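Structure, as structure tokens:
Both backbone and side-chain heavy atoms feed into the values below; hydrogens, waters and symmetry mates do not. For reference, positions follow the sequence shown, starting with 1. Keep in mind it's a predicted model, so treat the numbers as computed, not measured.
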Amino acid sequence: METNNYYGALQKPLNSGFNAKSTSGEIIKGIDLTGKIAIVTGGHTGIGLETTKTLSNAGVTVIVAARDLAKAEKNLSGIANVELESLDFMNPESIDAFALKFLSSKRPLHLLINNAGIMWVPLRRDHRGYESQLVTNYLGQFQLTSRLFPALKKANGARVLNVSSYGHQMAPFNFDDPNFMHRDYDTLQGYGQSKTACNLFALELDNRAKEFNIRAYSLHPGSVLGTDLGREEPIELFKQMGTHDQDGNLKLEVAALLKTIPQGTATTIWCATSPMLDNIGGVYCEDADVAELDLGNIEHRFDDPSTIRGVQPYSLDHDNAKRLWDLSERMTGITFDI
């Protein structure tokens, strides 16, 4: 029996009983998580906010890590069991400070939900010269997870969730030029490789950390209506994808097929809580189940969200996963020695 998901060995749907229309409320129904502690990056907006609400309602103490504290404080108003802390993935010192403060509380960490992300942004770099989507969507979560690893071990039963995307299908990880120093910048290539990195990280983290009863997963929330992920995207890109008309308006027939925010949060909550995953890790999930391996047998159309599914083998590759881990240590200056 396979014990890891290298090359997609475990990448088969489990018939969870849920589907693309299932909501986070349906997933969490009957589950009591009183006493558990979770960290949710970007847990104050979109599916991150819905994740915070759902876990809070189940009794979890949720530490929300946010860059915009004013916006977060407003959005989190009235939600019980929430602690708000400052975290900016574009600032490595901010990550270390956040982690150190949590570790100083001596509490275990049962759930680390790496939810924060950006997309469709113009070329931006942090002070190290690293491209912003790679930093925010991946390198930040690698650094944060490594710093919080002692608290994850202390939980004696923790899960790490990397909120990835179907967007990983847009690009494998470019080991030769991850920061677009020698090639023209393409925002979707940058996004795609950052999400491929999320998948590879979950794959390798799970294999290394499972002996400490820590399991890791990556997931695609689905095509979700009402988030602000695409706030910087040029409208021409939407038109080219076939989702918007010539006036820049979302087509009604496409809007009708998109997930609501509670539906988009369902897979996060399923990965965080499902007993079906107790002995399985390193898998990429979608629609509240383990996703199908995409071997070129799925026709993808952006104007039909039901076809935006599956996981690419290159994002579950053994050699890519280990190579990325080594590169991440060098880029962050961190030895993540499990």
Side-chain angles (χ1 to χ4, degrees), residues 2-11 39 41 89-90 92 95-96 99 109 112-117 126 128-153 158-165 167-169 171-181 189-219 271 280-285 311-338:
E2 295 290 348
T3 59
N4 59 62
N5 194 37
Y6 293 129
Y7 306 115
L10 304 174
Q11 201 64 47
I39 289 174
T41 65
F89 273 154
M90 289 289 281
I95 301 172
D96 285 348
L109 180 59
L112 173 56
I113 302 178
N114 290 311
N115 167 83
D126 70 4
R128 298 167 295 188
Y130 298 164
E131 190 271 327
S132 65
Q133 290 185 100
L134 181 61
V135 172
T136 303
N137 297 346
Y138 170 63
L139 281 177
Q141 67 179 222
F142 180 88
Q143 180 176 345
L144 181 64
T145 305
S146 68
R147 297 308 197 203
L148 291 172
F149 197 72
L152 291 165
K153 286 198 292 187
R159 293 186 183 185
V160 178
L161 278 57
N162 294 342
V163 178
S164 182
S165 170
H168 80 274
Q169 299 224 12
F173 192 85
N174 190 312
F175 287 97
D176 295 325
D177 189 17
N179 289 299
F180 294 88
M181 304 300 288
Q189 289 287 302
Y191 181 74
Q193 75 159 0
S194 74
K195 292 303 183 177
T196 289
C198 292
N199 300 348
L200 291 168
F201 178 40
L203 175 70
E204 186 64 18
L205 176 64
D206 184 79
N207 191 54
R208 297 188 185 208
K210 61 188 176 185
E211 65 177 284
F212 299 105
N213 203 12
I214 300 168
R215 306 311 301 253
Y217 310 90
S218 56
L219 66 102
C271 288
I280 300 173
V283 289
Y284 171 95
C285 301
V311 58
Q312 280 292 325
Y314 58 65
S315 75
L316 299 174
D317 182 87
H318 171 276
D319 296 340
N320 287 347
K322 295 187 179 301
R323 187 179 179 188
L324 179 66
W325 189 285
D326 292 342
L327 177 63
S328 303
E329 288 188 326
R330 294 196 301 274
M331 291 183 70
T332 59
I334 294 170
T335 301
F336 191 174
D337 188 13
I338 296 177

**Study point:** Minimum side-chain heavy-atom gap L148-I39 below 4.5 Å
**Key:** yes
**Study point:** Qualifying residues under salt bridge (Lys or Arg N to Asp or Glu O under 4.0 Å), relative to E131, sequence neighbours excluded
**Key:** none
Practice item. Not counting sequence neighbours, which residues clear side-chain contact (heavy atoms from CB on, under 4.5 Å) with S165? List them please. Key: Y191, K195, H220
Review point. What salt bridge (charged side-chain N to carboxylate O under 4.0 Å, His left out) pairs are there with at least one residue in residues 321-330, not counting sequence neighbours?
Key: E204-K322
Point to revise | Validation row: N179, M331 side chains within 4.5 angstrom (heavy atoms) | key: yes
Review point. Considering only heavy atoms from C-beta outward, does the side chain of R159 approach that of C271 to under 4.5 Å?
Key: no
Point to revise | Residues that D317 engages under salt bridge (Lys or Arg N to Asp or Glu O under 4.0 Å), provided they are two or more places apart | key: none
Point to revise | Shortest non-hydrogen separation from G281 to L10 and the atoms involved | key: O-CD1, 4.1 Å
Check your understanding: What distance do L152 atom CG and L205 atom CG have between them, rounded to the nearest 0.5 Å?
Key -> 8.0 Å
Practice item. Apply side-chain contact (heavy atoms from CB on, under 4.5 Å) to N213 and list each qualifying residue two or more places apart in sequence or on a separate chain. Key: N156
Review point. With sequence neighbours left out, what residues match F201 under ring-ring contact (aromatic ring centres under 6.0 Å, His included)?
Key: Y138, F142, W325
Practice item. Check whether any side-chain heavy atom of T196 lies under 4.5 Å from a side-chain heavy atom of Q312, and answer yes or no. Key: no
Exercise for review: Taking the side chain as every heavy atom from C-beta outward, state whether L144 and F89 have any pair of such atoms under 4.5 Å apart.
Suggested key: yes
Revision key, fill the gap. Heavy-atom closest pair (Q11 atom, V311 atom, distance to 0.1 Å) is CG-CG1, 3.6 Å
Review point. Considering only heavy atoms from C-beta outward, does the side chain of H168 approach that of C198 to under 4.5 Å?
Key: no
Point to revise | From CA spacing to verdict: side-chain hydrogen bond (donor to acceptor under 3.5 Å, both in side chains), N137, S194 | key: CA-CA 6 Å; N137 297 346; S194 74; 3.0 Å; yes
Exercise for review: Could you tell me whether a side-chain N or O of N4 sits under 3.5 Å from a main-chain N or O of N207, the two making a donor and an acceptor?
Suggested key: no
Check your understanding: Stepwise, does the side chain to side chain contact (heavy atoms under 4.5 Å, CB included) test hold for V135 with R128?
Key -> CA-CA 10 Å; V135 172; R128 298 167 295 188; 4.0 Å; yes
Point to revise | Heavy-atom side-chain contact between L316 and Y7 under 4.5 Å | key: no
Revision key, fill the gap. Residues at least two apart in sequence or cross-chain that pass ring-ring contact (aromatic ring centres under 6.0 Å, His included) with Y217, listed by chain then number, are none
Study note, to complete from the structure: Taken to the nearest 0.5 Å, the spacing of L139 CG from L134 CG works out to 4.5 Å
**Study point:** For the student: nearest non-hydrogen atoms of S315 and N199, plus distance
**Key:** OG-ND2, 3.2 Å
Check your understanding: Only one of N115, T136, N162 forms a side chain to side chain donor-acceptor pair (under 3.5 Å) with Q141, so which one is it?
Key -> N162
Study note, to complete from the structure: Across all chains, not counting sequence neighbours, the ring-ring contact (aromatic ring centres under 6.0 Å, His included) partners of F180 are Y185
Point to revise | Flag side-chain contact, heavy atom, 4.5 Å: V160 against R215 | key: no
Check your understanding: Between V283 and I280, does a side chain to side chain contact (heavy atoms under 4.5 Å, CB included) hold up when you go through it step by step?
Key -> CA-CA 8 Å; V283 289; I280 300 173; 3.9 Å; yes
Point to revise | Residues N174, Q189; criterion side chain to side chain contact (heavy atoms under 4.5 Å, CB included); working and verdict | key: CA-CA 9 Å; N174 190 312; Q189 289 287 302; over 6 Å; no
Point to revise | K153: partners by salt bridge (Lys or Arg N to Asp or Glu O under 4.0 Å), with sequence neighbours left out | key: none
Exercise for review: Report the residues that fulfil ring-ring contact (aromatic ring centres under 6.0 Å, His included) with F175, sequence neighbours left out, ordered by chain and then residue number.
Suggested key: F173
Check your understanding: side-chain hydrogen bond (donor to acceptor under 3.5 Å, both in side chains) between N114 and T41: does it pass, once the steps are laid out?
Key -> CA-CA 6 Å; N114 290 311; T41 65; 4.7 Å; no
Study note, to complete from the structure: So CG of N320 and CG of L200: to nearest 0.5 Å the spacing works out to 5.5 Å
Revision key, fill the gap. Residue pairs passing the salt bridge (charged side-chain N to carboxylate O under 4.0 Å, His left out) test with at least one member in residues 135-151, sequence neighbours excluded, are D96-R147
Practice item. Quick one: closest heavy-atom pair of S218 and S164, and the distance? Key: CB-CB, 4.3 Å
Check your understanding: Judged by atom type as modelled, is there a donor-acceptor pair below 3.5 Å linking the side chain of S146 to the main-chain atoms of Q143?
Key -> yes
Study note, to complete from the structure: Hits for side-chain contact (heavy atoms from CB on, under 4.5 Å) against P172, two or more places apart or cross-chain, chain-then-number order -> Y314
